[in-house]
Engineer: 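I'd like to ask some things about the structure below.
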Amino acid sequence: MLHFIDVILPIPLQKAFTYHITEAEAEFLSVGMRVAVPFGKSKIYTALVYSIHQNPPLAYDAKTIHQIIDDTPVIVASQLKHWEWIANYYMCSLGEVMRAAMPNAFMLESETMISKNEKTEILDSELKDEEYLIYEALSRQSSLKIQDVVSILDKKRVLPIINGLVKKGVVNLHEEIYEKYTPKLVRYVKLHHNHKSSEKLQELLEVLSRAPKQREVVLTLFTMEAALKKPIKVAELAEKSGASTSIIKALIDKSILEEYHLQMDRVQFEGEGDASAKRLSEVQQLAYDEVEAVFQEKPVALLYGVTSSGKTEIYVQLIQKQLDLGKQVLYLLPEIALTTQLVNRLQIYFGEKVAVFHSRYSGNERVEVWQNMLANSEKAQVVIGARSSLLLPFRNLGLIIVDEEHEQSYKQFDPAPRYHARDAAIVLANIFKAKTLLGSATPSLESYFNARQGKYGLVELKTRFNNVLMPDIELVDLADKYKRKRMKGHFSDRLIEEMTETLDEGFQIILFQNRRGFSPIIECTTCGTSPQCPNCDVSLTYHQYRDQLRCHYCGYNSAMLQTCQACGNATLDTKGFGTEQIEAEVKTLFPDKKVARMDLDTTRGKYGFEKIITGFEQREVDILVGTQMLTKGLDFRYVKLVGIMNADNLLNFPDFRAHERSYQLMAQVSGRAGRTDLRGKVLIQTYNPHHNILQQVSTNAYEAMFTEQMNERHNFKYPPIYRLIKITFKHKDYNRVNLAADWYATSLKQLFKTNVLGPEFPPVSRIRNLYHKNIIIKIPPQQSLARTKEAIIKIDNSFNAVKDFRSVRVVINVDNY
DNA sequence: AGCACGCCGACT
DNA sequence: GTCGGCGTGCTC
Ligand SMILES: [Zn+2]
Ligand SMILES: [Zn+2]
């Protein structure tokens, strides 16, 4: 009997790949283990066993696997089921989901290594110059990578030369697989066993009386050992005793101290966790009870709680309840909201049980979380994570909390899988028969709609915690202010008045400037041209901090130009105003106040964002100027004033969700203002003070906004009434994109008629030298989504059968909002 | 997606 | 001639 396995490879191909295995291997292997398999000409990839069977492939001979990597599976069945749902629903390959899910360190890849063939005797004269260079390099170094040869020879096509050497028997090639995950060893110290008894210790201290620093270290270690009764890290000792590591090293060298290593989890938290979580207020308790009641009947609850209503405390109680039941909880947050402050806060409650998972984590840290989860370790009972933590190996999930449920960053755009974490979370919870709690101060229309339809339970929390007052929101008519010359730069007199007052009272200010459309571009005042990106169809934006012009789409940058490239005049001027300009204006208006800016430029570093937030919380900054990132801060208790510099760009953004988003954004930003004894103030500058959304924001009329927007969605066939699938075509040849997109659209229209929109060029029609064109498919409520996708796949297959179209990249994005 | 292979323009 | 760019096709 022949044995085979089908494996998942981390590539965007729908096909299953079948490999031959021996009977013994078949016995040993189980689904979810990793195997190293040869793939393509020579490469070895890590694959995941998907199924084990005895059906030989008919059209080809299956290769044999290279080796088995695990002795137990690294994924679990429920997880695979969830991955399959994602691959199926979002129309991508299982391999792509796997690639997004697995830590890189799990996915070993081979590298071709060149080594000397010791068996053959080589005469230098037999070798050509380049061959000799390689040969000579190998006498200094036991093996070379292909890339090494490229740099040694300083040319790109090295394969023919290497192959020549292999033929001559000078070198051998082999594939090297390396384990990327190396357990980290931590240095510990203890008193050398010679000095363990107290008499010996006394002696030792006498001896060291003339080396006070060293004596201090020994004493500190002694007290630490006595007090903590656990291994002492070198780092801890150094810190406690105030001694440098060189002093400790000296002691180790003298055999007074003994050093040893223990393998440690990189990810670990101190502290026990405080079982007695804070008591809920009456209102919170009520909401908590309601959530529990909803969960009796429905799998999903939407907790609609205004900003600062204390949702987190309710979450904590819900998490505690699951832990008491012995179940895991996943707490999902937008990446940017996953700050150390929040993690610390949860650790206070749940201590070691908290595991954190996000993209800023290194590969090794991810592996540790993964392995803890596989083992269903105590350390992974509460998982706090961003989008990708949904793909982890949960064992016994009881509850998923999706905080800030309305956040668009829950939707992944590039690369595939283009999944929406909120929706995928609900599916994951269902697999475990667990519950999902969606939380937001400004629910997305689709979630609120689902709640209204009775699909989700709705729990409302309408008062702010400790009765913090809702801020007073004032709309400032920019047209009027300009007309009456009441503007200083981009600041209206009202804004300046309020700012002055707030600063005089010693409170803080947040100024919000939407990034979209406000990046400053350069324009020639003589001829009107503005420098364009050579690779994309956009104007370059000016970045003051490096005096550079940059492209937001491809990262192209050049030094700031002094003269216009078109007419040669030195009449280049910046147009539009970004956060940098606002910051500069604030500095002129309030020269003695401290201003900070938070945008993509200033939050670049690993903890850039947190640094700014912390600085602001500690009141080192009076005025913070920023983009939408600002909606994610935690507790800004000294903020009294929030200014929205220009609401119109938000509202006019060409997207069917622009109005909903504007409402959410402004409501969230406004939520930063005010505290217990102080009513916050929000000023919104706009040319359209009568715009419905602005009226709704200023009166907190979420319901009215919902009703009105839902009407629009009905009328214009948009989600949540209709569903959307966007198909994007990319190619560097303009005509080919047109032809391909037209062909595709024609095929689609035969089936879906007028529910196919486009093809149309997006606002930025060329990115990284590729032309883009979009088709939108609107799917009516009664039309089967699965059937629609099947039809698309069919069309896609025939599309790919056309030779001229094959080179056109097709990106299918399900629920592209 | 990678990655080979092969065709063709462009330099030493 | 040789080098490297890019288009095409395949991966069990
Ligand atoms: Zn000009
Ligand atoms: Zn660009």
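This structure is a prediction, so every number in the text was calculated from the model and none was measured. Residue numbers begin at 1 in each chain, while the letters A, B, ... track the order of the sequences.
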Engineer: Among dG7(C), dG4(C), dT11(C), find the nucleotide with the atom closest to the side chain of Lys15(A).
Structural biologist: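 Comparing dG7(C), dG4(C), dT11(C) against the side chain of Lys15(A), the answer is dT11(C).
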Engineer: Measure from the side chain of Ser807(A), starting at C-beta and using heavy atoms only, and say which of dG7(C), dG9(C), dT8(C) lies closest.
Structural biologist: dT8(C)
Engineer: Just call it for Pro415(A): base, sugar-phosphate, or nothing, with non-hydrogen atoms closer than 4.0 Å on any strand.
Structural biologist: nothing
Engineer: Please figure out whether Ser42(A) or Phe39(A) has its closest DNA chain B nucleotide nearer the 5' end.
Structural biologist: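 The answer here is Phe39(A).
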Engineer: Side chain of Leu13(A) only, heavy atoms from C-beta on: which candidate in dT11(C), dG7(C), dG4(C) is closest?
Structural biologist: dT11(C)
Engineer: For Trp370(A) and Val74(A), indicate whether the former's side chain and the latter's backbone hold a donor-acceptor pair under 3.5 Å.
Structural biologist: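 At least one qualifying donor-acceptor pair exists.
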Engineer: Do Arg395(A) side-chain atoms and Leu374(A) backbone N/O form a donor-acceptor pair below 3.5 Å?
Structural biologist: yes
Engineer: Touch check for Pro12(A), heavy atoms < 4.0 angstrom, all strands: base, sugar-phosphate only, or nothing?
Structural biologist: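 Pro12(A): base contact, heavy atoms under 4.0 Å.
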Engineer: Are any side-chain N or O atoms of Arg34(A) and backbone N or O atoms of Phe106(A), one a donor and one an acceptor, separated by less than 3.5 Å?
Structural biologist: yes
Engineer: Taking only the side-chain heavy atoms of Lys155(A) (C-beta and beyond), determine which of dC3(C), dG5(C), dG9(C) contains the nearest atom.
Structural biologist: dC3(C)
Engineer: We want to know whether Asp742(A) and Asn738(A) form a side-chain donor-acceptor pair, criterion being a heavy-atom distance below 3.5 angstrom.
Structural biologist: no
Engineer: Does the ring-ring contact (aromatic ring centres under 6.0 Å, His included) test come out yes or no for Phe39(A) and Phe17(A), once each step is laid out?
Structural biologist: CA-CA 10 Å; Phe39(A) 188 67; Phe17(A) 288 86; 5.2 Å; yes
Engineer: May I ask you to evaluate whether Arg99(A) reaches the phosphate of dA1(B), defined as a side-chain N or O under 4.0 Å from OP1 or OP2?
Structural biologist: no
Engineer: Ignoring hydrogens and geometry beyond distance, is a side-chain donor-acceptor pair present between Ser115(A) and Asn172(A) at under 3.5 Å?
Structural biologist: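 Short answer, no.
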Engineer: Where along nucleotides 5-10 of chain B does protein come under 4.0 Å, by heavy atom, of base (B) or sugar-phosphate alone (S), with - for untouched nucleotides?
Structural biologist: S-----
Engineer: Which nucleotide in the set dC12(C), dG7(C), dA1(B) lies at the smallest distance from any side-chain heavy atom of Ala62(A)?
Structural biologist: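 Per side-chain heavy atoms of Ala62(A), the pick is dC12(C).
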